[in-house]
Amino acid sequence: MRENNGAIITMRRLYKEKRILYCCYVTLLTSLVSLSLGLALGEVKLNKSQHATGIYAWILKIGRSFSFDATNDLFLLLLIGIVLFFLVRRQYSRRCKAYSLLFSLGGSILLLLGRAFYKENNLSKLFSSAFALQKAFMVLVGYSILLYWLLNALMEYVLPKLAASTALQAYKLKKIKLTIWSCFAFIVVAWLPYVVIMYPCNFTADSRDEVAQFLGDVEICKTDNTINYPEGATTLLNNHHPVTYTILVGTFAKEGKMTGSINGAMFLFALLQMTAMAFLFSYTILYIKSLDVPVLFQLIGLGFFMFYPLFPIYALTVTKDSLYGGCILLLTIQLLKMMTKEDSFFSSNKELWILFGSALGLQLLRNNGLYVMLVLFIVLLIRYRKNRNKCKKIVMSIGIPVILYGGLFLKVILPMCNIPGGSPREMLSVPFQQVARYAVEWGEEGFQNAEIETLDKILCFEGDLEVLKERYDPVLSDPVKSKFNKDYTKEELKEFMVVWAKLLKRHPGTFVTATLNNIYYYFSVDYGKPIVYVGAGSNGEVYGIKNPDITESARTFVLRALSMLNRSSMLGGLFSVGTWSYLFLFVLLYCGYKRRYEYLIMALPVVLNIMIAIAGPVAYMRYAIQWIMVVPVFGTVLWLLVNEVRTEKS
């Protein structure tokens, strides 16, 4: 009897301390998260002979949706239970909870959408039936719960503990001399194997077109069919690809052809481009060191630049994206200097000239760089509107490059040289893709009166919707815009946009689906798309640019290794654009959480480039490599924010 009374007293004490309720709460959360993960990775395969109804049938459907076996299920439950047990018991501020809730809900929705498009190229996996919708909701709830508690713990426990770590402070005191030249040497040595394997360079379809433009090769040039040249034009040069980069590449190719060593000429170009990137990365590590960041983090940043394989491969690829990414990196560093040490930055002519150079280079190396700098210029003028001296220096270092490129170069120099701008079809990639998706989903019944004829004047599909349907690729708009009518009139384009607006109003869901399907690579973490160019291939062989046969097996090994890593469950995230996108979103979230909104200005070049990429023709690694280059700088910002709080408390 005494034993029973003791047990009852113990139960009452536990109940009073709310431990039982706490354990029940954690168990419920664990079950929901495990269920959501199991549903997300599984597929519904119903047994048609099963005639169960009601709640029993629903439970059977859920059970058949799992992809794990019993052992994995048990391990998953145990792991999630342990994690949540330690996360939920901690106390978090309301502000932290609000930001965590915002990120967890938004991130969970994007993850769910990315998974759906990855599997089906549409949203049928989520909305095809009432059960599919119920399943999607359960997955969303589970994802949100796990992300919510992880973010709370990360922002108010893990990061502050990391900043206060005695081990890190010990690393901070160690004298490891990292100079710009030692970093440069480490990076170059780490990249040397790629230099040998990729000799003379990696060559793309765009590289071939740039060389063809400069050499005046009508047979090889592809952009001359999409652009109307002005009367009196004596060259194939156009601004579809930045003219400056085209002239740079073309000069090396022409000299190589004249001397009979085009391989040597292109190797020299790739080597110079790689050297420039290695130097910029070394400068980045030197700047991180100047912020009194622990040596361990400096070494991690250096190792990232040395051993992340996409950096040397893209540095050796004849494409504007590498140098453009270098300009974004340099611009981001200058903005961070401006935000952290305003007075010393604006009083230094050296820093202002570096800002000037990065602003001008950004525009000369990518046509949409003008829009990035224009927005940044306006934002900075607004921020420093009360300080006339700083506004003048912003005008000198950013406003003048914008005027030089947007006013002088585009409006005066190119017209004087009879060099046309790029085709407007690039800016119309999104509406073209939406119209093609509309045709696929709704057919002729979805159109009224002469709408098909109006669309045909721009997209040139001979009035046959079947032709337009065949061109449609859910993740690539190039086939649809390939037949764009370069001889269009302004009236025809205006009529096209009027019809586009009517179709949007008629079936908005189709337009949203088309856009999400085209860009989901940017927020999906399980996408195994090709990520690099390896070798010159057929694009280079047109001009005699060829990789040696002796290194063919090495290039094949690199390509297969990257493909395997890209699809790896452990390391695949490092090669997924979605992973880096969520990292940037978290840093922006943390800046808002710490009320350091000025750091958002520092992130503006990356954010604007992500927005421009979303409006582009295709989502893939080449457009995202510029963001990944900035990761060590964003990591440094995270350290500065956390270390600020630690210093204030101490």
Taking V430's backbone N and O only, do any of them form a donor-acceptor pair with N518's side chain (distance below 3.5 Å, no angle check)?
no
Determine, using ring centers only, whether W580 and F575 are less than 6.0 Å apart.
no
Pair Y314-N202, side-chain donor/acceptor within less than 3.5 Å:
no
Between CG of L370 and CG of L364, what distance do you get to the nearest 0.5 Å?
10.5 Å
Paired with N609, the side chain to side chain donor-acceptor pair (under 3.5 Å) test is passed by just one of Y371, Y324, Y623, namely Y324
Does the side chain to side chain contact (heavy atoms under 4.5 Å, CB included) test come out yes or no for T317 and C201, once each step is laid out?
CA-CA 6 Å; T317 301; C201 64; over 6 Å; no
Evaluate the side-chain proximity of T204 to V318: yes if any heavy-atom separation is below 4.5 Å, no if none is.
no
Go through the steps to decide whether F634 and L583 satisfy the test side chain to side chain contact (heavy atoms under 4.5 Å, CB included), and finish with yes or no.
CA-CA 9 Å; F634 274 70; L583 175 63; 6.0 Å; no
Any side-chain heavy atom of Y521 sitting closer than 4.5 Å to one from M621?
yes
Plane angle bin for F356 and W353 - parallel if under 30°, tilted between 30 and 60°, otherwise perpendicular:
perpendicular
Min side-chain heavy-atom separation L215-K254 under 4.5 Å:
yes
Measure the shortest side-chain to side-chain distance between I262 and F252 over non-hydrogen atoms and say whether it is less than 4.5 angstrom.
no
Using the six-membered ring wherever Trp is involved, compare the ring planes of F311 and F305 and label them parallel, tilted or perpendicular (cut-offs 30° and 60°).
tilted
Donor-acceptor pair, S576 side chain versus G573 backbone, under 3.5 Å?
no
Okay, side chain of N643, backbone of L641: is any donor-acceptor separation there less than 3.5 Å?
no
Just checking W639 against F297, ring centres under 6.0 Å apart?
yes
Derivation of the side chain to side chain contact (heavy atoms under 4.5 Å, CB included) call for D321 and R366
CA-CA 8 Å; D321 301 285; R366 180 76 72 82; 2.5 Å; yes
If you take all heavy atoms of P200 and A270, which pair is closest and at what distance?
O-CB, 3.8 Å
Walk me through it: do S282 and I187 pass the test side chain to side chain contact (heavy atoms under 4.5 Å, CB included)?
CA-CA 8 Å; S282 304; I187 292 172; 3.7 Å; yes
Measure the spacing between CG of L640 and CE of M339 and express it to the nearest 0.5 Å.
13.5 Å
R596 vs E598, salt bridge (charged side-chain N to carboxylate O under 4.0 Å, His left out): CA-CA, chis, key distance, verdict
CA-CA 6 Å; R596 294 304 301 268; E598 66 272 20; 2.4 Å; yes
Taking all non-hydrogen atoms of both residues into account, name the closest pair between G301 and I285 and its distance.
C-CD1, 3.5 Å
Pair T223, Q213 - check side-chain hydrogen bond (donor to acceptor under 3.5 Å, both in side chains), show working.
CA-CA 8 Å; T223 52; Q213 283 185 42; 3.3 Å; yes
When you measure from the side chain of E426 to the backbone of G422, do you find a donor-acceptor pair of N or O atoms at a distance under 3.5 Å?
no
Does any non-hydrogen side-chain atom of V475 lie less than 4.5 Å from one of Y620?
no
Check T319 against R622 and note the closest heavy-atom contact, atom names and distance.
OG1-NE, 3.7 Å
Any donor and acceptor pair, going by atom type alone, linking the side chain of Q273 with main-chain N or O of A315 inside 3.5 Å?
yes
Any side-chain to backbone donor/acceptor pair from Q433 onto D473? Under 3.5 Å, distance only.
yes
Tell me whether the centres of the aromatic rings in Y590 and Y599 are closer together than 6.0 Å.
no
Decide yes or no on side-chain hydrogen bond (donor to acceptor under 3.5 Å, both in side chains) for T179 and S182, but give the supporting numbers first.
CA-CA 5 Å; T179 66; S182 63; 3.2 Å; yes
Does Q298 reach the main-chain N or O of I288 with its side chain, forming a donor-acceptor pair under 3.5 Å?
no
Identify the two heavy atoms, one from I601 and one from L335, that lie closest to each other, and give their separation to 0.1 Å.
O-CD1, 3.7 Å
Check this for me: F345, atom CZ, are more than 12 non-hydrogen atoms of other residues, nucleotides or ligands nearer than 6.0 Å?
yes
Between K222 and D206, does any NZ, NE, NH1 or NH2 come within less than 4.0 Å of an OD or OE carboxylate oxygen?
yes
Taking T226 for its side chain and S423 for its backbone only, find out whether a donor-acceptor pair lies under 3.5 Å.
no
Please examine the side chains of V542 and V211, heavy atoms only from C-beta on, and report whether any two atoms are closer than 4.5 Å.
no
Let me confirm one number: the CG-CZ distance from L316 to F203, rounded to the nearest 0.5 Å.
14.0 Å
What one should report as the nearest heavy-atom pair of P242 and N239 is CA-OD1, 3.7 Å
Any side-chain heavy-atom pair from I519 and F117 closer than 4.5 angstrom?
no
Does a side-chain heavy-atom distance below 4.5 Å link L154 with F586?
yes
Are E342 and K337 close enough, and set up right, to give a salt bridge (charged side-chain N to carboxylate O under 4.0 Å, His left out), and what steps lead you there?
CA-CA 7 Å; E342 281 188 9; K337 289 179 180 179; over 6 Å; no
Using atom types as modelled and distance alone, determine if a side-chain donor or acceptor of N263 lies under 3.5 Å from a backbone N or O of K546.
yes
Treating S563 as the side-chain partner and R560 as the backbone partner, does any N or O pair qualify as donor plus acceptor under 3.5 Å?
no
Please confirm whether Y118 and Y520 have ring centers closer than 6.0 angstrom.
no
Could you measure the distance from the CG atom of N547 to the CG atom of D549? Nearest 0.5 Å is fine.
9.0 Å
If you round to the nearest 0.5 Å, how far is CG of L323 from CE of M277?
6.5 Å
State, to 0.1 Å, how close P548 and Y199 come at their nearest heavy-atom pair, and which atoms those are.
CD-O, 3.2 Å
For the residue pair W191 and F281, categorise the inter-ring angle as parallel (less than 30°), tilted (30 to 60°) or perpendicular (more than 60°).
perpendicular
In Å and rounded to the nearest 0.5 Å, what is the CG to CG distance from L604 to L376?
5.5 Å
